[in-house]
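I have placed the structure first, in the form of structure tokens, so that the comments after it can refer back to it.
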There are 2 protein chains.
Amino acid sequence: MKQAHHPELDEISLTAVMGALSDPIRVGLVRLLADGRERGWGELRAPVAKSTLSHHLRVLRDAGITRTRQEGTRCFVVLRRDDLETRFPGLLAPVLAAADCDGVGRQVELAASA
Amino acid sequence: MKQAHHPELDEISLTAVMGALSDPIRVGLVRLLADGRERGWGELRAPVAKSTLSHHLRVLRDAGITRTRQEGTRCFVVLRRDDLETRFPGLLAPVLAAADCDGVGRQVELAASA
DNA sequence: TAGCTTGTTCGGTGTTCATCGAACATCGAA
DNA sequence: TTCGATGTTCGATGAACACCGAACAAGCTA
């Protein structure tokens, strides 16, 4: 469990972000994180194997969309909302609005407890 | 050369649009079309084989981003700006702005003449 | 120390994608 | 009708991706 690389602001690429958001599960994850709260991975319920979920979270992290923090054996993830807003002003909101309206990523849910 | 299918407004999917915009060449094409003018395919200069260009234009069309019209042996393409704005309000502008700022898709150019 | 929890990594598989050249279809012009 | 211009379609190929189960690593906890 090594600390993963997070791209700097100017390393965040538009096509990488778009690519990361082209998968319903990843969109669902972003939606869950949209309130700005940090979430433990245990809170994330998605209909995939844990290795696959790990993969998706890695794609989001590598694209610069989320930031991952480790605490003991647990990992926490948070949306890099300010960074994204700085890098691509006005991009995130319409995507979230559209996803919300369409129900894209509704298969990803929040577990009962924290 | 049969007339291709164009998705209806409510058939346009967010993830398909995001996926279509995750390739620099396609972003470049969208940038060229951003002025709303219809372009003949002969005007589009991209550093790929024509079959590949045909593929990219097909992806954009299937995603509902562009509309293709045929006239004789020539094809014309136009951005479905209003449709996109209706379906995903506010989505296109930030993407174009970010692409413009970053130079994503600058490899796609307009040929000299029409 | 032994076990439990948590997440990563490793093959493996099947799918999709970007790309090319070549062959084909279609239309307009000579 | 023959030729040229314009796109589409057809394999083919190598890369990337989504997905899984299993094995591994690392930190708690009993």
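Bear in mind that the values here come from a model prediction, so they are computed numbers and not experimental data.
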Nearest to the side chain of A:Cys75, heavy atoms from C-beta on, is which of C:dC20, C:dT9, C:dG7?
C:dG7
Taking A:Arg31 for the side chain and A:Val108 for the main chain, is one N or O donor matched with an acceptor at less than 3.5 Å?
no
Which residue, A:Ile25 or B:His55, contacts DNA chain D at a nucleotide closer to its 5' end, judged by nearest heavy atom?
B:His55
Separation of atom CG in B:Leu53 from atom P in C:dA18, rounded to whole Å:
13 Å
Is A:His56 close enough to D:dC17 that one of its side-chain N or O atoms is under 4.0 Å from OP1 or OP2 there?
no
How close or far is atom P of D:dT8 from atom CZ of B:Phe76, stated in whole angstroms?
13 Å
Would you indicate which nucleotide in C:dT8, D:dT6, D:dA18 comes nearest to any side-chain atom of B:Lys50?
D:dT6
Going by atom types only, do B:Arg26 and B:His56 share a side-chain donor-acceptor pair under 3.5 Å?
yes
What integer distance in Å separates B:Glu43:CD from D:dT6:C1'?
14 Å
Is A:Asp35 paired with A:Arg39 through a side-chain N to carboxylate O contact shorter than 4.0 Å?
yes
Respond yes when some side-chain nitrogen or oxygen of B:Arg74 is under 4.0 Å from OP1 or OP2 of C:dT26, and no when none is.
no
I need the CG-C1' distance between B:Leu57 and D:dT9, as an integer number of Å.
15 Å
State whether B:Ser54 places a side-chain N or O below 4.0 Å from either non-bridging phosphate oxygen (OP1 or OP2) of D:dG7.
no
Between P on D:dT8 and CG on B:Leu60, what's the gap in Å once rounded to a whole number?
13 Å
Quickly work out the B:Arg69 CZ to D:dT6 C1' distance and round it to whole Å.
15 Å
Taking A:Asp83 first and then A:Arg87, would you say they form a salt bridge - that is, a charged N and a carboxylate O separated by under 4.0 Å?
no
Let me know, please, whether A:Ala49 or A:Glu71 comes out on the 5' side of the other along DNA chain D by nearest nucleotide.
A:Ala49
Under 3.5 Å, is there any donor-acceptor pair linking the side chain of A:Ser51 to the base of D:dG21?
yes
B:Leu44 has an atom CG; how far is it from atom P of D:dA5, in whole Å?
19 Å
Both distances under 3.5 Å, Watson-Crick or G-U wobble: report the partner of C:dA22, or none.
D:dT9
Looking at C:dT8, D:dT6, D:dG21, which one has an atom nearest to any side-chain atom of B:Thr73?
D:dT6
Would you check, one step at a time, whether the test side-chain contact (heavy atoms from CB on, under 4.5 Å) holds for B:Val95 with A:Phe88?
CA-CA 8 Å; B:Val95 174; A:Phe88 305 124; over 6 Å; no
Which nucleotide in C:dC10, D:dC19, C:dA23 has an atom nearest any side-chain atom of A:Thr52
D:dC19
What's the closest nucleotide to the side chain of B:Asp23 if the choices are C:dA18, C:dC20, C:dG7?
C:dA18
Rounded to whole Å, the CD-P distance (B:Gln70 to C:dT26) equals 10 Å
